[in-house]
Protein chains: 2
Amino acid sequence: MNVRTLCLGILYFGEATGYEIRKTASEGGFSHFIEANYGSIYPALTKLTQDELVTMREEVFSGKPSRKVYALTDQGREALKAALNEPLRADIFKSEFLFLSLYADLLGTERLTEIMKQRRADLRNELTRLHDAMGQCDHPGSNFAIGYGIALTEAAISYMATHAASASGLQVEPARAAE
Amino acid sequence: MNVRTLCLGILYFGEATGYEIRKTASEGGFSHFIEANYGSIYPALTKLTQDELVTMREEVFSGKPSRKVYALTDQGREALKAALNEPLRADIFKSEFLFLSLYADLLGTERLTEIMKQRRADLRNELTRLHDAMGQCDHPGSNFAIGYGIALTEAAISYMATHAASASGLQVEPARAAE
DNA sequence: GTTCACATGTAACAGGTTACATGATTGG
DNA sequence: CCAATCATGTAACCTGTTACATGTGAAC
């Protein structure tokens, strides 16, 4: 989906600033299947305001940086619905990690061990993040999406635990339990 | 990773045409974590030939379409190694399906049911594809990557089986066992 | 005092996607 | 005969990313 629809979608849950939209998309509970950064969000919000799919309200506090709070209009809600009814695109998954794993024999034990260790750490962090997000949210749709992320992350962790050592013919340091 | 490195990586396993590279990337055992299409592959191969990272040999058969077979040079192999030793980028996962699931209440039972059904079918196909790929390949690195895909796909199927009905407050038709 | 979080925005650039353009052979 | 597979390539377009530019307040 494009950034436009993403903004409409996040605004559907309540008004927000560009900064908050990015945070939800890139760090919140949805960040495992969404990506967006300022460079695309701010222009999109300007355009959406022009098209009257969202309204903008500027909050100016003396001293504090002013913030622009965006909210969905009825037209915006309709546009979101329309976007949701368009043909569903396939998931996109790109993994440099898996690409690297194809060339384990070219990498050398040291680098390979480092990569595998890093990946296990990343997966554990991701799992923690997802559990936190799940705890802060009781919306059924969101729980489904976050739960999906948790299920896959757990599967990845489990796979890493049992297969990381066999990525190549090279001997990789075994994972320690207390790592 | 960029298309350039992708081409070098696939050529590492043996010479190939642009057509075959795309097929490996988009339909083969690696397609679950790689994506590339003609529009990016052909220009990349031309550039790589100019840079002497690959060699090109044209095979012309009377009648048959001629094919350009590319092979890695020593320089190309070094370039691949160098690329593999650059800092590892995080995985990219974008899912319109999960995005849609956030708005289950906006979707209507019919569309939601259709989406969930489609996703289960897609996952089953993907699993079959991965098992086939695994059977045709005994390279350790590839087996690790394909196995990773299988593990995650199985987790997704399992999650769908137990949670698809609870994506929203709406009642979704339960999955049938023989579907 | 320095780093982090809040907050907005632009511009150049890179990268890849889609559509177009073409054509032979094989199998059903 | 029609569809699918093999086979190569260009060009316009779109989209998004990176880097730049700027500033406050709070916490440590």
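Per chain, numbering begins at 1; letters A, B, ... match sequence-line order. Computed from heavy atoms alone, side chains included, the values below leave out hydrogens, waters and symmetry copies. Owing to the predicted nature of the structure, the values given are computational and were not obtained by experimental measurement.
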Name the closest nucleotide to the [X] side chain, picking from [options].
| X | options | answer |
| --- | --- | --- |
| B:Glu20 | C:dT8, D:dA7, D:dT10 | D:dA7 |
| B:Tyr19 | C:dT17, D:dT8, C:dT8 | D:dT8 |
| B:Val3 | C:dT17, C:dT8, C:dG16 | C:dG16 |
| A:Pro43 | C:dG9, C:dT10, C:dA7 | C:dT10 |
| B:Glu35 | D:dA7, C:dT10, C:dT17 | C:dT17 |

Requested in this report: Let me know, please, whether B:Ser40 or A:Asn2 comes out on the 5' side of the other along DNA chain D by nearest nucleotide.
Outcome: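 Final value for this comparison: B:Ser40.
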
Query - Position toward the 5' end of DNA chain D (nearest nucleotide), B:Val69 or A:Arg4 - result: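 Here B:Val69 is the residue nearer the 5' end.
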
In whole Å, I'd like the distance from the [atom1] atom of [X] to the [atom2] atom of [N].
| X | N | atom1 | atom2 | answer |
| --- | --- | --- | --- | --- |
| B:Leu6 | C:dG15 | CG | P | 14 Å |
| B:Arg22 | C:dG16 | CZ | P | 16 Å |
| A:Tyr38 | D:dA21 | OH | C1' | 15 Å |
| A:Met56 | C:dT8 | CE | P | 10 Å |
| A:Arg57 | C:dT8 | CZ | C1' | 17 Å |
| B:Asn37 | D:dC14 | CG | C1' | 14 Å |
| A:Glu59 | C:dC6 | CD | P | 15 Å |
| B:Glu27 | D:dC6 | CD | P | 8 Å |

Requested in this report: State, yes or no, whether a side-chain contact exists between A:Asp91 and B:Glu96 at a heavy-atom distance under 4.5 Å.
Outcome: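 No. Closest side-chain heavy atoms not under 4.5 Å.
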
Query - NZ/NE/NH1/NH2 to OD/OE distance under 4.0 Å, B:Asp132 and B:Arg129 - result: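 So B:Asp132 does not pair with B:Arg129 through a salt bridge.
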
**Report entry** Short side-chain N/O contact from B:Thr17 to OP1 or OP2 of D:dT8, under 4.0 Å
**Finding:**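 Answer is yes, contact under 4.0 Å.
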
**Report entry** Phosphate OP1/OP2 of D:dC6: any B:Lys23 side-chain N/O under 4.0 Å
**Finding:**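 Yes, within the criterion.
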
Report task. Using the side-chain hydrogen bond (donor to acceptor under 3.5 Å, both in side chains) rule, pick out the option among B:Gln118, B:Arg119, B:Arg124, B:Arg120 that qualifies with B:Asp122. Result ->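 Option passing the side-chain hydrogen bond (donor to acceptor under 3.5 Å, both in side chains) with B:Asp122: B:Gln118.
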
Query raised in the report: Counting any heavy atom closer than 4.0 Å, what does B:Gly39 reach on the DNA or RNA strands: base, sugar-phosphate only, or nothing?
Result: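 Base contact.
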
Requested in this report: Say whether B:Ser26 and B:Glu35, considering side chains only, have a donor N or O and an acceptor N or O under 3.5 Å apart.
Outcome: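 Yes.
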
Requested in this report: Kindly assign one of parallel, tilted or perpendicular to the pair B:Phe30 and B:Phe13, based on the angle between their ring planes and the thresholds 30° and 60°.
Outcome: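 Geometry flag for B:Phe13 against B:Phe30: tilted rings.
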
